[in-house]
Protein chains: 2
Amino acid sequence: MQYQEAKEKFISTWGSLGTLWGINKAMAQIQALLFISTKPLSMEDIMIDLKISRGNTSMNLRQLMDWGIVTKVLVSGERKEFFTTEKDVQELARIIAKERSRREIKPVIKVLDEVSSIKNDGTEKTKELIKQTKALKELTDDLDTLMNKLVNQKQNWLTKSVFKLMK
Amino acid sequence: MQYQEAKEKFISTWGSLGTLWGINKAMAQIQALLFISTKPLSMEDIMIDLKISRGNTSMNLRQLMDWGIVTKVLVSGERKEFFTTEKDVQELARIIAKERSRREIKPVIKVLDEVSSIKNDGTEKTKELIKQTKALKELTDDLDTLMNKLVNQKQNWLTKSVFKLMK
DNA sequence: ATAAAATTTCAATAATTATTGAAAGTTTAA
DNA sequence: TTAAACTTTCAATAATTATTGAAATTTTAT
């Protein structure tokens, strides 16, 4: 496999994986492109390389910046803007975990909490609803807490701290 | 909040969360409905409750069975088929984690491995591609292993084993 | 202040994904 | 073996989501 093929394979795999971490294809592909680039890229560079429109590139870059994954960099002597992504995988994982927790998991926990707090009228079905949503709420809570703790360990969180304890 | 409202809120929240664990809305809603039901439901019951077509119900039930989350149960004296879902949240989490690992994470690891194994021709960009995909491969691998270990602890895996170690 | 360069916005359109519903297939009871 | 009960399949359609491209806006150099 040559460079170009490998690059395309990486970008398309990462792109289709986007759904797994809750972002769209173009967004994931832009991030992937920046992730393996040796220098910051302009909007022009990105749209040409990925064969997507200017508008699409602009909107998805903004979203990546909202996530805190991509940042603008100033290249001296250049008028246009350039972009880079966080290059450290651990830091990247930390940002993503934090954002997903905030955007998706926390709101769900809130709903589960509300639902499991309805008045128990003593009927079978109400008891079941309360019991099951409470169990789900606790699990989600625990997973969210665990994820955030894992991800807040700054140094080698995964391999060092937890991982070995579980061997 | 009354039972019916709470029930609907739970089903719709769980449904929209479906994307987070990689399944579609109808599939997640059917699972949610079964999850809070006090007895097995027939296809008829499900399509009426969720207001979805027979075909849709049939297809999504099959998928849930493929995932191993829903099973057919025989109700004596009844001709039609009835369905239940796994009621234990921990077991549910275990099944989901295992399936997502198999369906999505493992294939990605394979691609990352291939890409990071291309011949190093000494150019800057090739070095960067290899370095970054290798880092991503290792992280994904570690997370996958951790997830599978967590999820294989049969008893109170979360709260008991790992969770306290991290306090 | 002007105008070229660059970026953003957003209505229109395309692409993708989910859902329906009716015909075909299967199972079961008598 | 028949026919009613039930389930599955899948082409057609609907709903949702992503993408384009050109006009409007903003930024920058002179």
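Just so we're on the same page: letters track the sequence lines, and every chain starts at 1. Only a predicted model underlies this, so the values are computations on that prediction, with no experimental measurement involved.
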Participant: Tell me: CE of B:M59 to P of C:dT17, nearest whole Å?
Facilitator: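 Going from B:M59 (CE) to C:dT17 (P), I get 14 Å.
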Participant: From the set D:dA5, D:dT19, D:dT8, return the single nucleotide nearest to any side-chain atom of A:K25.
Facilitator: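 Among the listed nucleotides, the one closest to the side chain of A:K25 is D:dT19.
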Participant: Closest approach to the side chain of B:I52, judged atom by atom: which nucleotide of C:dT20, D:dT20, D:dA4 is it?
Facilitator: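 Closest nucleotide to the B:I52 side chain: C:dT20.
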Participant: Decide if atom NZ of B:K25 counts as having more than 12 heavy atoms of other residues, nucleotides or ligands within a radius under 6.0 Å.
Facilitator: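 12 or below, so no.
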Participant: For A:E81, which contact category applies under a 4.0 Å heavy-atom criterion: base, sugar-phosphate, or nothing?
Facilitator: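 Sugar-phosphate: the residue A:E81, judged by heavy atoms under 4.0 Å, touches backbone atoms but no base.
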Participant: Using the rule given for side-chain hydrogen bond (donor to acceptor under 3.5 Å, both in side chains), can you reason through A:D144 versus A:S101, listing the C-alpha separation, both sets of side-chain angles and the distance that settles it, and then say yes or no?
Facilitator: CA-CA 7 Å; A:D144 187 53; A:S101 168; 2.7 Å; yes
Participant: Using the side-chain heavy atoms of B:N24, tell me which of these nucleotides is nearest: C:dA18, D:dT9, D:dA4.
Facilitator: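 Given the options C:dA18, D:dT9, D:dA4, the side chain of B:N24 is closest to C:dA18.
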Participant: Once you round it to whole Å, what is the distance between P of D:dA18 and CD1 of A:I30?
Facilitator: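 Rounding to the nearest Å, CD1 of A:I30 and P of D:dA18 are 13 Å apart.
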Participant: Just wondering, do B:R54 and B:E44 contact through their side chains at under 4.5 Å, heavy atoms?
Facilitator: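 Yes, their side chains come closer than 4.5 Å.
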Participant: Quick one: is D:dG21 close enough that its OP1 or OP2 comes under 4.0 Å of any side-chain N or O from A:S53?
Facilitator: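 Result: no.
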Participant: To the nearest Å, give me how far apart NZ (A:K72) and P (C:dA6) are.
Facilitator: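 Value for this atom pair: 14 Å.
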Participant: Could you verify whether a donor N or O on one side chain and an acceptor N or O on the other, from B:W14 and B:Q31, lie under 3.5 Å apart?
Facilitator: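 A pair is found: one side chain offers a donor N or O, the other an acceptor, under 3.5 Å apart.
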Participant: Could you work out which one of C:dT19, D:dT19, C:dA29 sits closest to the side chain of A:N56?
Facilitator: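 Output: D:dT19.
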Participant: What's the CD-C1' distance between A:Q29 and D:dT19, to the nearest Å?
Facilitator: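 After rounding, the gap between these two atoms is 13 Å.
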Participant: To the side chain of A:R79, which of C:dT9, C:dA5, D:dT8 is closest?
Facilitator: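 Between C:dT9, C:dA5, D:dT8, the one nearest the side chain of A:R79 would be C:dA5.
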Participant: Figure out the CZ/P separation between A:R62 and C:dC10, and round it to whole Å.
Facilitator: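 Value for this atom pair: 11 Å.
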Participant: Please state how far atom CZ in B:R54 lies from atom C1' in C:dA24, giving the value in whole angstrom units.
Facilitator: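 To the nearest whole Å, that distance equals 15 Å.
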Participant: Within a radius of less than 6.0 Å around CD of A:Q2, do more than 12 heavy atoms belonging to other residues, nucleotides or ligands occur?
Facilitator: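 No, the 6.0 Å shell around CD holds no more than 12 heavy atoms from other groups.
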Participant: In whole Å, I'd like the distance from the CG atom of A:L64 to the P atom of C:dT8.
Facilitator: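 In whole Å, C:dT8 P lies 13 Å from A:L64 CG.
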Participant: I need the CZ-P distance between B:F82 and D:dA5, as an integer number of Å.
Facilitator: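 Interatomic distance, CZ of B:F82 to P of D:dA5: 15 Å.
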